> 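For reference, the structure I am asking about is given below.
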Protein chains: 2
Amino acid sequence: MAAKRSGARSKRSQRISELLQPVQEPHSEPPLSRERIVATAVELLDAQGVDGLTMRRLADRLGSGVMSLYWHVDNKEDVFDLALDSVLEYRGPPQIVESQDWRGEVVHMLEDWRASMLRHPWSASLLPRRALGPNILGRLELLSKSLSRAGIADADVNVAIWSLWNYVMGATITRASFDRSDDDRAAAQQRLTRLSERYPTIERTRLLLDNDWDGAFRKGLGFLLDGLSPR
Amino acid sequence: MAAKRSGARSKRSQRISELLQPVQEPHSEPPLSRERIVATAVELLDAQGVDGLTMRRLADRLGSGVMSLYWHVDNKEDVFDLALDSVLEYRGPPQIVESQDWRGEVVHMLEDWRASMLRHPWSASLLPRRALGPNILGRLELLSKSLSRAGIADADVNVAIWSLWNYVMGATITRASFDRSDDDRAAAQQRLTRLSERYPTIERTRLLLDNDWDGAFRKGLGFLLDGLSPR
DNA sequence: ATGTATCTCGTACACGGTACGAGTCGCCGT
DNA sequence: ACGGCGACTCGTACCGTGTACGAGATACAT
């Protein structure tokens with residue numbers, strides 16, 4: 001009944017054998033490990049998208065049997081969680097940004113967050129459905145500190161975090177899925193022009209955004225921060 | 001090579017037979033139709049979530065064979081598109097809101113939008129990945145008019161729409177997925193309290209949001225609109 | 001009577017996640 | 001020296017999925 005490695009993840013004991021003899025066979029793959037699995041999963045996701053990740057493909061790419069994966073990870077969901085968090089590290093703002101400049105801090109972190117997710121377009125739409133990993137929690141914590149330092153009332157800080165989260169997630173999820181569906185750009189183009197007769201605004205908006213998503217994100221974020229700033 | 005009903009959807013010709021003889025058998029299901037399929041798909045999605053919708057279950061519930069569905073619908077993706085759009089109708093603001101009150105108009109539409117998606121929690125996370133249906137386009141169109149009437153500069157209207165879209169989508173997707181993962185509330189609770197030692201802000205935020213998501217949404221939206229309003 | 005269009009559906013296939021249990025290997029206590 | 005045990009690998013099998021294919025059924029036009 002109990003799964004082999006359910007809750008407590010017993011990392012294998014550092015593989016002493018490998019430390020002694022450098023390489024067993026010339027072309028043998030390095031042994032499986034949670035880290036290697038996650039890294040390869042990210043590769044696969046980047047290359048093929050969410051649906052491209054299957055346990056079989058993952059095992060192939062790792063040069064192992066499918067079921068071997070299940071000793072290191074609980075199931076496919078687990079792989080998603082780990083891949084997701086591995087992609088969301090944050091190293092903090094550059095030194096250039098001074099600690100007085102709360103707004104610069106916040107903007108830098110959020111733009112970095114968005115950029116990280118856009119580098120791995122599968123990640124954004126996955127994030128809301130999965131458990132919050134340590135890296136996102138760290139970002140939220142940092143956000144909270146900056147906003148408090150900005151002089152925003154304690155009662156409003158939560159709402160502010162929530163608003164910024166919403167904005168970033170919405171923007172990035174939407175942007176990422178636009179990229180993906182542009183595979184069939186011809187069809188999309190045709191569909192849109194057909195629609196723009198009935199919905200005159202859409203075409204205008206699309207054109208503007210198509211050329212400058214980054215600028216639009218930054219500008220909208222600016223408006224939001226304007227609204228959030230203490231008066 | 002050409003699919004039976006690829007692009008041009010040839011609606012069947014009103015089933016004359018049924019108009020003549022009211023019911024063929026006492027307990028026979030009404031005939032299949034795109035509308036009935038979509039309505040049943042929505043039922044299924046509401047009851048079982050995204051993964052609960054399978055073509056076989058859908059056919060069962062409709063009392064038909066699986067492959068019969070494929071005459072009315074291109075594929076499963078098509079079903080998602082149709083179900084999604086069918087859930088996003090908007091009837092416009094109530095008469096109480098006067099046409100001068102652009103802000104009231106916008107708030108009403110956006111809150112209605114969010115409410116519609118939360119009534120069907122599968123819908124929010126699906127929306128960004130799917131083609132924009134007529135009902136969402138209609139909402140965006142309306143948004144655009146209200147904002148122009150508000151006196152927002154033309155160049156900024158696009159960014160404003162984009163920002164509001166982002167906010168609503170982010171808020172709703174996140175909220176909807178919280179609901180879903182609360183099935184295992186015990187586990188979530190434990191996980192969060194364990195985390196809140198390292199990330200003190202999180203617990204506070206969660207508590208606030210847990211009790212008053214609607215209020216937080218409204219308040220954050222207020223901040224955003226403050227930032228967007230012409231100065 | 002003979003098509004022809006509309007609609008239904010049984011069968012079959014390729015592919016997905018993963019349960020089960022038999023293997024291999026190296027270390028440790030005796 | 002040996003027996004056992006824990007760490008790890010993996011082949012096979014099962015069931016559930018979307019949907020291609022093509023054989024029917026029905027109604028209507030000619």
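Reminder, nothing fancy here: chain letters follow the sequence lines and each chain counts from 1. All values reported here derive from a predicted model rather than from experimental measurement.
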> Roughly, in whole Å, what's the span from NZ in B:K76 to C1' in D:dG16?
11 Å
> Nearest to the side chain of B:R57, which nucleotide is it out of D:dC10, D:dT17, C:dG16?
D:dT17
> Taking A:D212 first and then A:K219, would you say they form a salt bridge - that is, a charged N and a carboxylate O separated by under 4.0 Å?
no
> Provide, to the nearest angstrom, the distance between the CG atom belonging to A:N75 and the P atom belonging to C:dG16.
17 Å
> Just the rounded figure in Å: distance from P of C:dT11 to CZ of B:R56.
13 Å
> When you get a sec, tell me which of C:dC9, C:dT18, D:dT17 is the closest nucleotide to the side chain of A:M67?
C:dT18
> Below 4.0 angstrom from OP1 or OP2 of D:dA7, is there any side-chain N or O of A:H72?
no
> Report the distance from atom CE of B:M55 to atom P of C:dG16, rounded to the nearest whole Å.
19 Å
> For B:Y70 and C:dG10, what is the distance between atoms OH and C1' respectively, to the nearest whole Å?
15 Å
> Would you kindly give the CG-to-P distance between A:D60 and C:dG17, to the nearest whole Å?
12 Å
> Roughly how many Å is it from CG in B:L58 to P in D:dT19, rounded to a whole number?
12 Å
> When you measure from the side chain of B:Y167 to the backbone of B:F217, do you find a donor-acceptor pair of N or O atoms at a distance under 3.5 Å?
yes
> Salt-bridge test for B:R119 and B:D46: reply yes if a basic N is under 4.0 Å from a carboxylate O, no otherwise.
no
> Which pairs with one or both residues in residues 82-91 of chain A pass salt bridge (Lys or Arg N to Asp or Glu O under 4.0 Å), sequence neighbours excluded?
none
> Is the phosphate of D:dT9, meaning OP1 or OP2, less than 4.0 Å from a side-chain N or O of A:S64?
no
> Could you tell me the separation between the CG atom of A:L53 and the P atom of C:dC15, rounded to a whole number of Å?
17 Å
> Which sits closer to the 5' end of DNA chain D, B:T54 or A:G65, going by the nucleotide each is nearest to?
A:G65
